[in-house]
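For reference, the structure discussed in these notes is given below.
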Amino acid sequence: MTFRSLKLIDPLLRALDELGYDDPTPVQRQAIPAVLAGRDLMAAAQTGTGKTAGFALPLLHRLTLEGAVAPLGVRCLVLAPTRELAEQVYASFRKYGAHVPLRYGVAYGGVPIEPQINKLKKGLDVLVATPGRLLDLLRQGTLTFTQLQTLVLDEADRMLDLGFAADLDTVFAALPPGRQTLLFSATFPEAIRTLAGRLLRDPLSVQASPANAAAKTVRQLVITTDKKSKPELFLHLLRERGWQQVLVFAKTRKGVDQLVGVLQQQGIRADAIHGDKPQPARLRALARFKARDVDVLVATDVAARGLDIAGLPLVVNHDLPTVAEDYVHRIGRTGRAGATGEAISLVAADEVDLLKAIETLIRQVLPREEIPGFEADHRVPSTGTPASAAQPGARKSAAKPKGAKAPVSPAAPRPAGGFGPTAPDRARPAKRIPQGSVVVAAGRGAKSTAKTAAKTVAKTTARPSPRPTKKK
Ligand code: AMP
């Protein structure tokens with residue numbers, strides 16, 4: 001199947017050609033025809049599967065062919081949980097829509113609102129926004145939804161995690177009921193299934209890669225140590241293993257700043273990205289990391305989604321996330337679009353419950369290693385995750401394994417929902433993949449989660465008109 005066979009208009013095909021996209025990804029193959037036909041969509045698609053083009057391309061096609069925007073109007077609204085994701089989706093619309101005469105805008109908090117208001121005056125064909133700032137704009141009467149055709153909820157689970165439920169309800173109440181709605185979510189907890197049941201009308205369910213499954217191309221490893229040894233251990237590994245470009249996650253903003261301080265003192269080019277930093281500083285840090293002017297980018301979970309760094313080889317969890325799903329999102333920054341990546345978690349004894357929750361979620365026991373000189377005084381207990389949870393994987397490490405072992409697999413498999421390893425702008429030479437690492441497979445049970453979600457939605461035969469917020 002080609003993009004041309006999906007019957008997208010020529011200016012979009014031209015943009016795809018310029019970007020070097022040869023073939024649509026699985027999520028694009030499923031989503032594009034449905035969205036072109038005006039259907040609602042419920043998609044279990046992680047970032048890295050090409051989901052953004054999966055909704056952006058058919059929407060750009062329809063917006064180009066179906067009329068023009070009036071002043072203050074918005075024809076397509078994309079809601080995203082974080083500024084980073086909003087910026088990225090906005091950039092994608094501009095990229096894919098480079099040759100169509102449409103107007104795009106992005107709105108999020110933490111930056112002056114006036115330029116956003118000014119842009120809205122002439123109307124926007126596509127507005128990408130975070131829920132809070134969108135509500136500010138709405139309350140100030142700077143936009144209207146009378147022309148709205150499509151609502152896209154990107155990373156819906158994350159929006160709920162970040163406490164946007166009430167804001168979302170207020171936004172939904174302001175939208176015309178006859179619109180098309182597309183819901184993208186990496187995971188499908190009960191709250192998302194309920195939301196889908198309320199908002200979607202006879203949706204097509206798309207499963208681009210198994211929900212809650214770590215990307216198949218990410219080699220995962222736990223290194224056990226004591227809490228206080230983590231910064232030193234990280235420094236040791238950085239030097240010893242010659243890490244070139246590392247995205248590191250820490251639990252708190254303070255933790256992020258402390259680690260960056262330690263690294264900078266050692267002359268390492270490191271920068272931070274977290275919610276306390278003004279947006280321009282966050283964008284600057286990301287741009288410097290992408291340009292390789294910074295070798296280590298330390299982030300909180302707010303940055304875990306929406307960061308698209310081509311060919312990122314390594315993610316390190318300096319601390320495990322408190323929400324197990326965030327682990328999947330964190331490690332999803334690497335191993336994208338068919339490339340192979342590595343995810344290393346430094347785990348101390350007091351994090352064993354978090355590790356257990358992660359292993360249960362991804363249905364695999366993560367292999368463990370200890371680094372001589374950094375062994376844990378407080379031994380990290382076994383998680384007790386049943387051996388049956390382990391997925392086929394491989395271990396070929398020189399270091400003594402502790403904990404569960406997995407059977408050997410010859411090579412990293414290709415992700416179910418990703419691109420072929422030959423995708424032109426994404427392939428990374430195999431020699432950059434560190435040796436002695438672990439290959440894991442995707443989790444089981446994801447399909448049944450998706451089926452349950454689909455059933456919940458199928459039960460909803462009529463779409464209730466949007467309700468005003470019910471404050472709990
Ligand atoms: P997404 O999952 O939307 O965040 O996309 C992940 C990455 O894949 C982005 O860098 C896209 O530019 C890239 N991408 C999307 N679709 C394709 C395609 N059909 N072929 C090659 N790369 C793609």
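In listed order, ligands and their atoms are each counted from 1.
- For Phe55, the closest heavy-atom approach to ligand 1 does not fall below 4.0 Å.
- Counting atoms of ligand 1 from 1 in the listed order, those under 4.0 Å from a heavy atom of Lys95 are 12 (O).
- Between Gln116 and Tyr108, the side chains place no donor N or O within less than 3.5 Å of an acceptor N or O (distance only, hydrogens not considered).
- Every atom of ligand 1 is numbered from 1 in the order shown, and the set under 4.0 Å from a heavy atom of Phe3 is 19 (N).
- Distances between N or O atoms of Gly50 and those of ligand 1 include at least one value under 3.5 Å.
- Within the 4.0 Å heavy-atom criterion, the part of Asp23 lying near ligand 1 is the backbone and not the side chain.
- Counted by atom type alone, Glu359 and Tyr327 present zero donor-acceptor pairs between their side chains at under 3.5 Å.
- In Phe184, neither the side chain nor the backbone holds a heavy atom less than 4.0 Å from any atom of ligand 1.
- Of the N and O atoms on the side chains of His329 and Asp301, not one donor lies less than 3.5 Å from an acceptor on the other residue.
- Checked against the 6.0 Å centroid threshold, Tyr90 and Tyr104 do not count as a close aromatic pair.
- Checking Thr64 against Arg62 by side-chain atom types alone, no donor-acceptor pair falls below 3.5 Å.
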Test side chain to side chain contact (heavy atoms under 4.5 Å, CB included) on Arg269 and Val296 and set out the steps. CA-CA 6 Å; Arg269 299 185 304 173; Val296 182; over 6 Å; no
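- For ligand 1, the polar-atom distance check finds an N/O of Thr52 within less than 3.5 Å of one of the ligand's N/O atoms.
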